[in-house]
Undergrad: 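Once you've had a glance at the structure underneath, I'll fire off some questions.
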Protein chains: 2
Amino acid sequence: MGTTSKALSLLRLFSSSQPEIGLTELSRQSGMNKATVYRLMSDLAEHGFVEQVGADRMYRIGPGVMRLAVLREATVPLRSIAKEHVRSLAEEIGETTHVSQVSSGELSTLTYAYSAKHGTRVTMEDAERLPFHATSSGLAVLTYSNAALVDAILSKPLDKRTPHTIVDPLQIRGELKRISERGYAESVSGFEQDVHSVAAPIFAGGVTVCGALAIAAPVGRVNGALRSRMIAAVQDRARMITDIMGGAMPVSPDSA
Amino acid sequence: MGTTSKALSLLRLFSSSQPEIGLTELSRQSGMNKATVYRLMSDLAEHGFVEQVGADRMYRIGPGVMRLAVLREATVPLRSIAKEHVRSLAEEIGETTHVSQVSSGELSTLTYAYSAKHGTRVTMEDAERLPFHATSSGLAVLTYSNAALVDAILSKPLDKRTPHTIVDPLQIRGELKRISERGYAESVSGFEQDVHSVAAPIFAGGVTVCGALAIAAPVGRVNGALRSRMIAAVQDRARMITDIMGGAMPVSPDSA
DNA sequence: ACCATTGGTTCATATAATAAACCGATATGG
DNA sequence: CCATATCGGTTTATTATATGAACCAATGGT
């Protein structure tokens, strides 16, 4: 692996549940030599991608990424557009909504919104990585991804997050076909035990899938009526976002 | 220079006025060999930091930075906090406002807001790099930066953006002293010919300066009354943001 | 007082980065 | 319509750079 890739892969270790990481821990989790990690992190710090904080010199994501993010949003404003829709959709349906984004063969939460309607709700984590096979968002995205990505995902062993998680590649491929016919994906307790979610793909810059919009509710609350509303709304909104992003639904799946 | 630094420095070439850059152009502007740039950009693309778009394979900032940005904001929510204040302040004063952020010895616009009060207004660019010596924001930040940064900035030749730009290091050092006494920085036509701006520093995580809040108005509109309001408001708001960010004004300048 | 950690540093070694030349494709223009 | 220039991308011998085991100094817990 190239040196640059090694440096960038260190950034992947940071997450919402692990926002600050020390040098030794980075070395352990990356499998790279401590001296190597030190130099790579120094390079990243020099450019503001990470910064060291506190007396224990822990690393965290630095301010430099914000400049790039602002620049990205200026040309591809997916997050700012998603934010609005996610908020009003949560209000409309009364359940948690979120938009996730695909990047480098990974899907992660871009923004989300809660509804105040119920005392219980599905909670989200910032920038969480979502497994393709176990979430409705992941399945929605996978349905319109190129065969190479689908194969790559399905060829690795799939994590059985809950007893209900589908981990059989063939079964998933069948599901992808159904999703492309129906226009939405659905997951009942596949990711979290008590979560029922529906999702629809978002396209940008042509027929390239760039993410998904999803609504997630506690399993017990999803009766026939709510489910129908969720499905209709998520498809409708995803199409709206797609339109604004200058995207289009492909006539047939497998866009690339 | 390390390979990683070379790769990351390529990202600095992207800006609001140049959001997409081709391979040859990147090679030209960076001074690096085309083959080298190609490999570095491939590494960056692999991790979603850049992506290639269109038939001409131009590079632009990729979706991967958004995940990191979301993560950054989850721990240091400067932008989201700044957004609110910048918006309401613009409304209150009736002029353009913005918050900039310091990273790796550079200052760049993080967010801004316009007011609808007047037909003419100061306009901003996304993620623009602001010179320390020629903007009120830059001077405000520099006043509370460590001596190493001040020396580094003032030792290089300073760009005379307009006939009114102050480029004499000694004169600037005098100005920094005055700013620390008054608590705000001011620039009249130093950056853009017709812009009068005032700025106050923002601190986070202790007494470390992390950026500045500024109000910018057309020179002709700034009479004594407006100027007083701008100065009072910018200091007041900057302190509010500092408080929320868990920062504090240092008792004396030169925080590090 | 000790041992186990931590972040950081050193330097001989080995590996990965580099740059000139080259390729094929596309566009430009006379 | 052919000649030329420019583009993104690729190859390969050369060379510079990254690497990692061992080593510090400092901190903290037992």
Side-chain angles (χ1 to χ4, degrees), chain A residues 1-15 17-62 64 75 104 146 148 205-206 208 256, chain B residues 1-15 17-62 64 75 104 146 148 205-206 208 256:
Chain A
M1 192 183 358
T3 312
T4 305
S5 282
K6 285 183 195 166
L8 298 181
S9 71
L10 284 172
L11 295 176
R12 295 172 18 90
L13 296 175
F14 292 86
S15 69
S17 53
Q18 192 180 243
E20 297 186 356
I21 316 181
L23 177 60
T24 304
E25 191 59 26
L26 282 166
S27 169
R28 238 195 304 273
Q29 294 188 23
S30 66
M32 293 187 256
N33 186 282
K34 194 166 52 122
T36 302
V37 173
Y38 175 72
R39 195 175 36 74
L40 295 179
M41 291 305 284
S42 298
D43 287 348
L44 290 169
E46 197 180 311
H47 289 265
F49 281 76
V50 297
E51 66 182 4
Q52 286 183 289
V53 64
D56 47 2
R57 312 228 124 212
M58 300 268 272
Y59 293 91
R60 70 175 177 202
I61 302 300
T75 43
S104 315
N146 57 54
T208 310
Chain B
M1 192 182 0
T3 312
T4 305
S5 282
K6 284 183 195 167
L8 298 181
S9 70
L10 283 172
L11 295 175
R12 297 173 15 91
L13 297 175
F14 292 86
S15 68
S17 53
Q18 192 181 239
E20 296 186 355
I21 315 181
L23 177 61
T24 305
E25 191 59 26
L26 281 166
S27 168
R28 240 194 303 274
Q29 293 188 23
S30 66
M32 292 186 256
N33 187 283
K34 194 165 53 123
T36 302
V37 172
Y38 175 72
R39 195 177 36 71
L40 295 178
M41 291 305 283
S42 298
D43 288 347
L44 289 169
E46 197 181 310
H47 290 265
F49 281 76
V50 298
E51 65 181 5
Q52 285 183 286
V53 64
D56 46 2
R57 313 226 128 216
M58 299 267 272
Y59 293 92
R60 71 176 177 201
I61 301 300
T75 42
S104 315
N146 58 55
T208 309

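The chains referred to below are lettered A, B, ... by the order of the sequence lines, with proteins before strands, and numbering in each begins at 1.
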Undergrad: Could you report the tightest heavy-atom contact between B:P19 and A:T75, atom names first, then the distance?
TA: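 Closest approach of B:P19 to A:T75: CB-CG2, 3.7 Å.
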Undergrad: Hey, what do you get for CD (B:Q29) to CD1 (B:I21), rounding to the nearest 0.5 Å?
TA: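 Separation between the atoms: 5.5 Å.
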Undergrad: Got a donor-acceptor contact below 3.5 angstrom from the A:S104 side chain to the B:G48 backbone?
TA: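 Side chain of A:S104 to backbone of B:G48: a pair is present.
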Undergrad: Of all the heavy-atom pairs spanning A:L8 and B:D43, show the shortest one and how long it is.
TA: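 A:L8 and B:D43 have their closest heavy atoms at CD1-O, 3.9 Å.
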Undergrad: For B:R57 and C:dT26, what is the distance between atoms CZ and C1' respectively, to the nearest whole Å?
TA: 13 Å
Undergrad: Does C:dT6 have OP1 or OP2 sitting under 4.0 Å from an N or O in the side chain of A:Y59?
TA: no
Undergrad: Could you grab the distance from atom OG1 of B:T36 to atom CG of B:L26, nearest 0.5 Å is fine?
TA: 12.5 Å
Undergrad: Check the phosphate of C:dA17 against A:T3, side-chain N and O only, distance under 4.0 Å to OP1 or OP2. Yes or no?
TA: yes
Undergrad: Output yes when at least one side-chain N/O atom of B:K6 is less than 4.0 Å from OP1 or OP2 of D:dT17, else no.
TA: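 For D:dT17, OP1/OP2 do not have a side-chain N/O of B:K6 under 4.0 Å.
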Undergrad: Over all heavy atoms of both residues, which pair between A:S27 and A:N33 is shortest? Give the atoms and the distance, please.
TA: OG-C, 3.9 Å
Undergrad: To the nearest Å, how far apart are B:L40 CG and D:dG9 C1'?
TA: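 Roughly 14 Å, once rounded to whole Å.
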Undergrad: For the backbone of A:Y38 and the side chain of A:S42, can you confirm whether one donor and one acceptor N or O come within less than 3.5 Å of each other?
TA: yes
Undergrad: In residues 23-38 of chain B, what residues come within less than 4.0 Å of DNA chain C, judged by heavy atoms?
TA: B:N33, B:A35, B:T36
Undergrad: Could you tabulate the donor-acceptor pairs under 3.5 Å formed by side-chain atoms of residues 52-60 of chain B, not counting sequence neighbours?
TA:
{"unit_1": "B:Q52", "atom_1": "NE2", "unit_2": "B:R57", "atom_2": "O", "d": "3.2"}
{"unit_1": "B:Q52", "atom_1": "NE2", "unit_2": "B:Y59", "atom_2": "OH", "d": "3.3"}
{"unit_1": "B:R60", "atom_1": "NE", "unit_2": "B:E51", "atom_2": "OE2", "d": "2.8"}
{"unit_1": "B:R60", "atom_1": "NH2", "unit_2": "B:E51", "atom_2": "OE2", "d": "2.9"}

Undergrad: In whole Å, I'd like the distance from the CE atom of A:M1 to the P atom of D:dA18.
TA: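 Whole-Å distance recorded here is 15 Å.
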Undergrad: Pull out every residue in residues 44-56 of chain A that has a heavy atom closer than 4.0 Å to any atom of DNA chain C, ordered by number, or say none.
TA: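 Heavy-atom cutoff 4.0 Å gives A:Q52, A:D56.
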Undergrad: Whole angstroms only, please: what is the CZ-P distance between B:R39 and C:dA20?
TA: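 So the CZ-P distance, B:R39 to C:dA20, works out to 15 Å.
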Undergrad: With rounding to the nearest 0.5 Å, note down the distance linking NE2 in B:H47 to CG in B:L44.
TA: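 B:H47 NE2 to B:L44 CG: 8.5 Å, rounded to 0.5 Å.
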Undergrad: Mapping A:M58 and A:T4 to their closest nucleotides on DNA chain C, which lands nearer the 5' end?
TA: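 Result of the comparison: A:M58.
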